[in-house]
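Note sheet for the following structure.
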Amino acid sequence: MPAPERWSGRYYQIGNGGFAGAIHLPTLGEGARRGDAIAATDTGHRGNGFDASWAPGNPVALADYGWRSIKATREAADALVHAYYRRDPHHHYFMGCSNGGRMALMAAARWPQDWDGVIAGAPANPWTVQLRNFGAVQDAMRAPGGWIGTAERAQTDLSPPQRATLNVIVAAGYAPAAITADDWTRWVANPDRTPQSQLTFAEQSRTYLFKHFSDEALVADLDVQPGDLQAFRDRGGKILSYFGSSDPVMAPGLGVDWYDAVQAATRGRTADFYRLFLIPGMSHCQGGAAATSFGQSLDAPAVRQDREHDVRLAMEAWAERGIAPSVLKREAGSKRTVVRRLR
């Protein structure tokens, strides 16, 4: 928490990536530097984002990870903020990417009165669908003759097994031609089973989630349904979401499909409360072959402090002054790009 004279009056809560288990302290420090009260949670267990071994036989831990820790953190933080500043925040925001983006949507869906706005980057939702898709892609990739390495990806004369693999990848929502060679080798087609990759998520979820919990239990704890956001819309909440078109982890096509499902499931004009930006050339949450920095993380700082260049300022302008974001401007060195909202 910043000193009282520096406090903006805002509260930010930060999501957690992958299978969670840790808190990124530099992000909290940066939030306080900006003048915001800020909090995060490890979601109730310790580990790293690629380890789900905490889950078997522990439905309480699954619920903590899926949704309950969001509310518990908010309540504890509110008490501390009030005790320190002797007043409550005037606006509450949730911000995260990947699983943190899923947590942002979950916060809006389960506790619509708690949040004025959420920033959902590359949300891992529906998480159960994405996890199964990791397995489907990796099964196809490792089937006899199905491997598509970086070199094979550029070929037009794929064998039938390779063509089948490509079809699985596209059906899962990925754009193979948009993924960089480095990202393809690291995340999608990594012959080394040791480094963290899509295969890690596939094996961890199969070993520690799908074998131990019913589909119904996993969906109930981990997934946000399109119609779940109606109450958030009705109370005036705002969702600003973004996805990299070159994301090799969370499938951008799945994200666009889910946004379209929200449009069909909610009453009223979706763009009035939920805006999605598809960022050309951006990898997972940040980075990639194009200009991809718009203040979404410490590694992708905004180059200018205004609502068109900084995603947090864009959210604050929308939630507090009613100025809806229509563009995000990204810069990296000499690269400059203007991205208009997809929907």
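Not measured: the values here are computed from a predicted model. Side-chain atoms are counted along with the backbone in the values below, which use heavy atoms only and exclude waters and symmetry mates.
- Ring pair W54/H45 is parallel by interplanar angle, where below 30° counts as parallel and above 60° as perpendicular.
- For residues 20-43, no pair satisfies ring pair (Phe, Tyr, Trp, His ring centres under 6.0 Å), with sequence neighbours left out.
- How far CE of M95 is from CG of L240: 9.5 Å, rounded to the nearest 0.5 Å.
- Cluster membership for L199 and I148, using ILVMFWY side-chain heavy atoms within less than 4.5 angstrom, is not shared.
- Interatomic distance, D221 CG to E216 CD, rounded to the nearest 0.5 Å: 12.0 Å.
- Contact annotation: the side chain of M141 never approaches that of Q198 to less than 4.5 Å [non-hydrogen atoms, C-beta and beyond].
- In this structure, R74 fails the cation-pi test against W111, since its NZ or CZ atom is not both closer than 6.0 Å to the six-membered ring centre and inside 45 degrees of the ring normal.
- Interatomic distance, OG of S197 versus CZ of R186, reported as 9.0 Å (0.5 Å rounding).
- Counting heavy atoms from C-beta on, the side chains of D183 and S246 never come closer than 4.5 Å.
- Remark: the backbone N or O of A202 is paired with a side-chain donor or acceptor of S205 at under 3.5 angstrom.
- Considering only heavy atoms from C-beta on, I70 stays 4.5 Å or farther from R110 through its side chain.
- Note that the OH atom of Y11 and the CE atom of M1 stand 10.5 Å from one another [nearest 0.5 Å].
- Connection of L254 to L276 is not established within any shared hydrophobic cluster, with ILVMFWY side chains joined at heavy-atom distances below 4.5 Å, either directly or through further cluster members.
- Under the ring pair (Phe, Tyr, Trp, His ring centres under 6.0 Å) criterion, the residue pairs touching residues 131-156 are F134-F201, with sequence neighbours excluded.
- A 4.5 Å side-chain heavy-atom check between P248 and H284 finds at least one atom pair inside the cut-off.
- One hydrophobic cluster holds both V137 and L166 under the rule that ILVMFWY side chains link at heavy-atom gaps under 4.5 Å.
- Checking each of F243, Y274, Y242, F277 against Y259 for a ring-ring contact (aromatic ring centres under 6.0 Å, His included) leaves exactly one that passes, namely Y274.
- In this structure, W258 and L105 have side chains that are in contact, with non-hydrogen atoms separated by less than 4.5 Å.
- Between D116 and R235, at least one side-chain nitrogen of the basic residue sits less than 4.0 Å from a carboxylate oxygen of the acidic one, meeting the salt-bridge criterion.
- The minimum heavy-atom distance between V224 and R102, with the atom names listed, is CG2-O, 4.3 Å.
- Residues passing the side chain to side chain donor-acceptor pair (under 3.5 Å) test with D36, sequence neighbours excluded: S8.
- Relative to the ring axis of F273, R267 does not place its NZ or CZ within 45° and under 6.0 Å from the centre.
- There is a path of hydrophobic side-chain contacts, each under 4.5 Å, that joins Y93 to I23.
- A donor-acceptor pair under 3.5 Å links the side-chain atoms of R275 to the main chain of A271, judged by distance alone.
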message: Walk me through whether D182 and T180 qualify under side-chain hydrogen bond (donor to acceptor under 3.5 Å, both in side chains).
response: CA-CA 5 Å; D182 287 345; T180 66; 5.7 Å; no

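- A side-chain donor-acceptor contact under 3.5 Å links Q162 to the backbone of S159.
- Judged purely by atom type and a 3.5 angstrom limit, Q263 has no side-chain atom pairing as donor or acceptor with the backbone of T270.
- Here D64 contributes atom CG and T73 contributes atom OG1; the two are 9.5 Å apart, rounded to the nearest 0.5 Å.
- Listed for the Q296 side chain is a donor-acceptor partner under 3.5 Å among the backbone atoms of T292.
- Q196 places no side-chain N or O within 3.5 Å of a backbone atom of W187 that could act as its donor or acceptor partner.
- Without hydrogens or angle criteria, N99 side chain to A124 main chain gives no donor-acceptor distance under 3.5 Å.
- Ionic pairing of E203 and R206 is not present here: no N-O contact between side-chain nitrogen and carboxylate oxygen is shorter than 4.0 angstrom.
- R312 is not listed as a side-chain neighbour of M315, based on a closest heavy-atom distance of 4.5 Å or more.
- D223 is listed as a side-chain neighbour of N125, based on a closest heavy-atom distance under 4.5 Å.
- Taking each heavy atom of A108 and L229 in turn, the nearest pair found is CB-CD2, 4.0 Å.
- Counting heavy atoms from C-beta on, the side chains of D51 and F19 never come closer than 4.5 Å.
- Atom CD1 of I169 is separated from atom OH of Y174 by 9.0 Å, given to the nearest 0.5 angstrom.
- The shortest non-hydrogen separation linking G149 to A189 is CA-CB, 4.4 Å.
- Ring geometry, W115 versus F94: the interplanar angle exceeds 60°, so the pair is classed perpendicular (tilted spans 30 to 60°).
- Both W127 and L209 sit in one connected hydrophobic cluster of ILVMFWY residues. Membership requires side-chain heavy atoms under 4.5 Å apart, directly or through other members.
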